[in-house]
Amino acid sequence: MERSPNFILVIFGASGDLTKRKLMPALYALYKQNLLSERFAILGTSRSALSDEAFRERIIEGIKIYGDKNAEEHMLHSFSKNVYYLPFDAAKNLDYPKLKARLSKIDDELKIEGNYIYYLSTSPNLFPIITESLGIEGLNKEGNGSGWKRIVIEKPFGHDLESAKELNETLLKIFEESQVYRIDHYLGKETVQNILAFRFSNGIFEPLWNRNYVHHVEVTAAEQIGVEERGEYYDQYGALRDMVQNHLLNIVGIVAMEPPSFFDATAVRNETVKVFQSFRPIKPEETEKYVVRGQYTDSTIHGEKISGYRNERNVSQDSRTETFAALKSYIDNWRWGGVPFYIRTGKRLPTRVSEVVIHFKKTPHHLFTQNNLCDVRRNQLIIRIQPDEGILLKFGMKMPGAGFEIKDVNMDFHYSELSDAYIPEAYERLLLDCMLGDATLYARTDAVESCWRYLDPILKAWKERQDIKIYGYPAGTWGPKEAHELFDNRDEDWRYPCKNLSTDGEYCEL
Ligand code: BG6
């Protein structure tokens, strides 16, 4: 794997959870694998008054908890020597010259030569002022030996189409599109990238990957956790904005895209954008036919009382924010015309699982159903994103013995079987790509806006029409039963997966 060039990574909002839980463990993992240049620095900034030393101690602690639990002290120590801290108020223009001076000092000492990444891990209302202030200080300028400058934006990228457009405008006034990296950590997941490899490096699946053979597609991202400490943010966003607009639609983009002509950022993203542009718009009056929303209510799981959403901290007592959303989407193009894509996500569901299921059409002629010996089942291909990452193909086989009784069997591949396979964390891959200037797995302006364009009418209908129901579901269940009604044919249903990829349909402890 290619090593990063020299760089300084500036993290805005460095005292937050993301830095501790995800960014620093990922940077340390890259360091440990020798994927970071000899000369690099990480400059954390936030309002907390911390010294370099205190910040280093904090991140070492975080790495031990959320990253490499067996990290060796000397490695942690040598990594942390590259970490610096600047107390800084991102909302104050006057603080930016301080940032510039600190950057230039570190740069001179380490001879970085001007390659800077600005990682915005702050509240989204600070994105515009940070961008503009970096521009005022000239910290966006590239060329003439001044190195490269890149800006990474965490989600939420806007609140709706209009605010996403405004944010894009602000960003693109100061930075070129090629400098902007809109991060979606789902695209950094090894198993999501593997969908590309699975589709385009094998001859056997792609011929079947279309409306002639596929009956419907399911994309699920289920979470067992509730909103935890994020009630304030979540109550303004909800599942559609938090998970569907970005993670789930990006997965659909990869599952449904045409093969790109090259494997590079422009070609791949051109193809996913075409998918987003082909989503059949959902008219406000059709919202209930295509979308079901739900909110978890109190329940008891294994004897433990679980609070309903409205009783979570910083959530309004009469909140109508959805913690579950299920959609039936159509992609109106030649490949997918008429094939429904069922998309579902929720918090406080029975288990944490993300997967894509391709349901193939039944055989055109059913030879083995005489005497009602068995049902004709669809073949399913399950691409498991997490946990128990792998791929499962379900198909019918003859039961040994007299007659022709057909039973579904599984052919499965689990990543865990590759004993030497190290599955990198999403942030590792994405941060390294950004250092290397590869934006293939980052979202482009047109992609973000197309996804909002598709979801905006739904959000608008929910906001304006009080008659559109939000269904309660007890925490620990698979969401409101109304989600089942999205299927045209009531014999069809969602897959109810287990933690383990190949034990679905059997009893499993969740
Ligand atoms: C984040 C959402 O983007 O993704 C969270 O804001 C969600 O609400 C998380 O919990 C899920 O990520 P993962 O990687 O645990 O599936």
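All ligand and atom numbering here is 1-based and tracks the order in the structure.
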Is it true that atom CE of Met75 has more than 12 heavy atoms of other residues, nucleotides or ligands lying nearer than 6.0 Å?
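Counting other residues, nucleotides and ligands, CE of Met75 exceeds 12 neighbours.
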Report the C-alpha separation of Thr477 and Leu349 in whole Å, then their side-chain angles, then the decisive distance to 0.1 Å, and conclude whether the side chain to side chain contact (heavy atoms under 4.5 Å, CB included) test is met.
CA-CA 5 Å; Thr477 63; Leu349 299 189; 5.9 Å; no
Does any donor atom in the side chain of [X] or [Y] lie under 3.5 Å from an acceptor atom in the other side chain?
{"X": "Thr445", "Y": "Glu177", "value": "yes"}
{"X": "Glu389", "Y": "His414", "value": "no"}
{"X": "Tyr454", "Y": "Ser329", "value": "yes"}

Tyr186 and ligand 1 - part of the residue with a heavy-atom distance under 4.0 Å
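It is the side chain that gets close, since no backbone atom is under 4.0 Å.
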Quick test: of every protein heavy atom, which one is nearest to [atom], and how far off is it to 0.1 Å?
{"atom": "atom 14 (O) of ligand 1", "value": "Lys189 NZ, 2.6 Å"}
{"atom": "atom 15 (O) of ligand 1", "value": "Arg352 NH2, 3.1 Å"}
{"atom": "atom 3 (O) of ligand 1", "value": "His247 NE2, 2.7 Å"}
{"atom": "atom 6 (O) of ligand 1", "value": "Asp242 OD1, 2.6 Å"}
{"atom": "atom 5 (C) of ligand 1", "value": "Arg230 NH1, 3.3 Å"}

May I ask which of Glu223, Glu228, Gln224 has a heavy atom nearer to atom 11 (C) of ligand 1 than the others do?
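Minimum heavy-atom distance to atom 11 (C) of ligand 1 goes to Glu223.
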Near-ring test Phe205/Phe198, centroid separation under 6.0 angstrom
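So the answer is yes for these two rings.
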Atoms in ligand 1 with a heavy atom of [X] nearer than 4.0 Å:
{"X": "His185", "value": "1 (C), 3 (O), 4 (O), 12 (O), 13 (P), 14 (O)"}
{"X": "Lys155", "value": "1 (C), 2 (C), 3 (O), 6 (O)"}
{"X": "Lys347", "value": "5 (C), 7 (C), 8 (O), 10 (O)"}

Under a 4.0 Å threshold between the charged nitrogen and the carboxylate oxygen, would Glu61 count as salt-bridged to Lys64?
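Answer for the salt bridge query: no.
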Minimum-distance pair of heavy atoms, taken over all atoms of Gly44 and Ala14:
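Closest approach of Gly44 to Ala14, heavy atoms only: CA-CB, 3.5 Å.
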Below 3.5 angstrom, do we get any N/O pair linking Gln386 and ligand 1?
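Yes: some nitrogen or oxygen of Gln386 is under 3.5 Å from one in ligand 1.
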